[in-house]
Amino acid sequence: MMIVLSPAKTLKRLTIPHVQLIQKYFTKPKFLEEAKELVKKIQKLNEKELQKLLDVSSAIAKTNFERYQNFPSNFEFDESYPSIFLFFGDVYKGFEWDKYTYEDLLFLQDNVRILSGLYGILKPFDLIYPYRLEMGTEFKTFSQKFNFQSLYEFWGDKITHALNEELSKQKNKHLVNLASHEYFQVIDTKNLKYPILNIHFQEKRNGRYVTIALNSKRARGIMTNWIVKNRIQNPNDLKNFQLNGYHFSEEKSDDSNFYFLKN
């Protein structure tokens, strides 16, 4: 069973538990060469153009302009950092790193993947350089400098093929979708060879159940943390998730969609 997550916009170097283990088993992104290709194209933009591309403030544009201009050729611990300990958004605040054992971390590395606009797909121990590039970024305005109009076009079927390869090695070959729609749509689901299980978190508001984006993000992280700590490898066992007020809804769910509701 493989879990896919979205990355986070907020980045922060977290304290790494059992850092000796990570230093021993760190990995590098599968599509690092493709990422470098993207970076070379982005480096051709000036600061104002980058601000427009990323749709961010001038301060964030300045930070990321410097990051892209100083993008390293070799990824080592001094300049880069394991992806799972660099992302600091709402999803990643659900991980209880202070309670993690060696075995938890190795299970995490084997069963969780992070979709990324710049790197395509990441393992938790993949060393990455800080960046800002959302999967939904539009390149149409800069068509003269890029030979693609979106990152969905740039990545094509690479990520789907990578997931097929990863899932073929899993005992249970389900892909559990805990990513946002923006990121998950980079996967060509028609060409994914294995079953997909979409997870939904909803809350009761004004008499009906709705998705609250912020709370749903937090719940994805809490569930992923629970999966790792409990070594969940059978999708049916996800029905036992009952944290943060959520419970599994048999009535709303089907084989491809599990709904977890909060009253």
Side-chain angles (χ1 to χ4, degrees), residues 1-7 25 27-32 34-35 83-84 87 91-92 94-95 103-126 135-136 150-201 211 216-217 219-241 246 248-250 252-260:
M1 190 175 85
M2 186 72 70
I3 300 107
V4 287
L5 299 173
S6 304
Y25 292 108
T27 45
K28 294 192 178 181
K30 180 179 180 66
F31 297 120
L32 184 54
E34 286 82 354
S83 64
I84 198 76
F87 294 127
V91 171
Y92 296 87
F95 288 93
E103 292 74 20
D104 293 335
L105 290 169
L106 292 174
F107 184 89
L108 178 81
Q109 173 77 341
D110 289 341
N111 295 276
V112 174
R113 296 293 177 266
I114 303 166
L115 303 173
S116 165
L118 180 61
Y119 296 98
I121 189 167
L122 293 165
K123 293 180 180 180
F125 297 177
D126 278 353
M135 189 66 80
S150 72
L151 291 173
Y152 303 113
E153 181 184 339
F154 176 82
W155 287 114
D157 56 8
K158 291 184 179 70
I159 294 172
T160 306
H161 287 168
L163 284 170
N164 278 330
E165 182 181 348
E166 295 262 23
L167 285 163
S168 70
K169 303 171 186 175
Q170 294 280 329
K171 184 177 180 180
N172 189 303
K173 304 184 189 304
H174 274 77
L175 182 68
V176 178
N177 175 20
L178 282 165
S180 66
H181 176 69
E182 175 189 351
Y183 279 85
F184 194 75
Q185 64 178 332
V186 76
I187 299 171
D188 182 358
T189 55
K190 292 181 180 178
N191 287 314
L192 193 74
K193 299 176 181 178
Y194 304 101
I196 297 170
L197 179 58
N198 299 296
I199 305 296
H200 309 271
F201 297 98
T211 300
S216 183
K217 285 182 183 179
R220 291 175 200 153
I222 292 169
M223 173 175 273
T224 306
N225 183 74
W226 176 82
I227 289 171
V228 173
K229 296 297 291 183
N230 291 278
R231 305 289 192 279
I232 305 299
Q233 298 190 50
N234 186 326
N236 281 327
D237 291 339
L238 294 176
K239 296 176 181 179
N240 297 323
F241 177 80
Y246 289 100
F248 176 71
S249 172
E250 194 80 52
K252 292 197 72 170
S253 302
D254 56 37
D255 290 342
S256 300
N257 296 275
F258 277 11
Y259 281 83
F260 293 85

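Residues: numbered from 1 along the sequence shown. FYI, side chains are in, hydrogens and waters are out, and symmetry mates aren't considered; it's all heavy atoms of this structure. Predicted model, so just to flag it, every value in this text is computed and none were measured.
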Please tell me if the side chains of [X] and [Y] come closer than 4.5 Å, counting only heavy atoms from C-beta onward.
X      : Y      : result
Ile121 : Ile114 : no
Ser83  : Phe87  : yes
Val112 : Leu5   : yes
Phe258 : Phe241 : no
Met2   : Lys169 : no
Leu115 : Ile187 : yes
Asp157 : Asn191 : no
Tyr194 : Gln170 : no

Look up atom [atom1] in [X] and atom [atom2] in [Y], then write down how far apart they are to the nearest 0.5 Å.
X      : Y      : atom1 : atom2 : result
Thr160 : Leu175 : OG1   : CG    : 10.0 Å
Phe248 : Asn236 : CZ    : CG    : 8.0 Å
Lys217 : Phe201 : NZ    : CZ    : 14.0 Å
Arg220 : Ser6   : CZ    : OG    : 6.0 Å
Phe95  : Ile222 : CZ    : CD1   : 10.5 Å
Ser253 : Leu238 : OG    : CG    : 10.5 Å

Determine whether Phe184 and Thr189 satisfy the following criterion, side-chain contact (heavy atoms from CB on, under 4.5 Å), listing intermediate values before the conclusion.
CA-CA 9 Å; Phe184 194 75; Thr189 55; 3.9 Å; yes
Can you name the ring-ring contact (aromatic ring centres under 6.0 Å, His included) partners of [X], sequence neighbours left out?
X      : result
Phe125 : none
His200 : Tyr259
Tyr119 : Tyr131
Tyr152 : none

Results of salt bridge (charged side-chain N to carboxylate O under 4.0 Å, His left out) for Asp188 - residues two or more places apart only:
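Here no residue qualifies.
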Test of understanding: with side-chain hydrogen bond (donor to acceptor under 3.5 Å, both in side chains), list the residues that count as partners of [X], not counting sequence neighbours.
X      : value
Glu250 : none
Lys193 : none
Lys229 : Asp104
Asn172 : His174

Identify the two heavy atoms, one from [X] and one from [Y], that lie closest to each other, and give their separation to 0.1 Å.
X      : Y      : answer
Ile232 : Phe107 : O-CZ, 3.6 Å
Ile159 : Gly120 : CD1-O, 3.4 Å
Gly94  : Asn225 : O-CB, 3.3 Å
Ser116 : Pro7   : CA-CG, 4.4 Å
Met135 : Leu151 : O-CB, 3.6 Å
Leu197 : Asn257 : CD1-N, 4.0 Å

Assess the residue pair Gln109 and Thr27 against the criterion (side-chain contact (heavy atoms from CB on, under 4.5 Å)); give the C-alpha distance rounded to whole Å, side-chain angles, the decisive distance to 0.1 Å, and a yes or no.
CA-CA 10 Å; Gln109 173 77 341; Thr27 45; 3.3 Å; yes
Would you check, one step at a time, whether the test side-chain contact (heavy atoms from CB on, under 4.5 Å) holds for Ser249 with Phe260?
CA-CA 6 Å; Ser249 172; Phe260 293 85; over 6 Å; no
Please determine whether the number of non-hydrogen atoms from other residues, nucleotides or ligands lying under 6.0 Å from atom CG of Asp255 exceeds 12.
no
Only pairs at least two apart or in different chains count here, so list each salt bridge (Lys or Arg N to Asp or Glu O under 4.0 Å) that has a residue in residues 172-187.
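Those involving residues 172-187 do not exist here.
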Only pairs at least two apart or in different chains count here, so list each salt bridge (Lys or Arg N to Asp or Glu O under 4.0 Å) that has a residue in residues 111-126.
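Output for this query lists Arg113-Glu166.
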Evaluate the side-chain contact (heavy atoms from CB on, under 4.5 Å) criterion for residues Val4 and Leu163: first the C-alpha distance (whole Å), next the side-chain angles of each, then the deciding distance (0.1 Å), finally the verdict.
CA-CA 10 Å; Val4 287; Leu163 284 170; 4.1 Å; yes
List in chain and number order the residues that pass side-chain contact (heavy atoms from CB on, under 4.5 Å) with Asn240, two or more places apart in sequence or in another chain; answer none if no residue qualifies.
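Here the qualifying residues are Trp226, Asp237.
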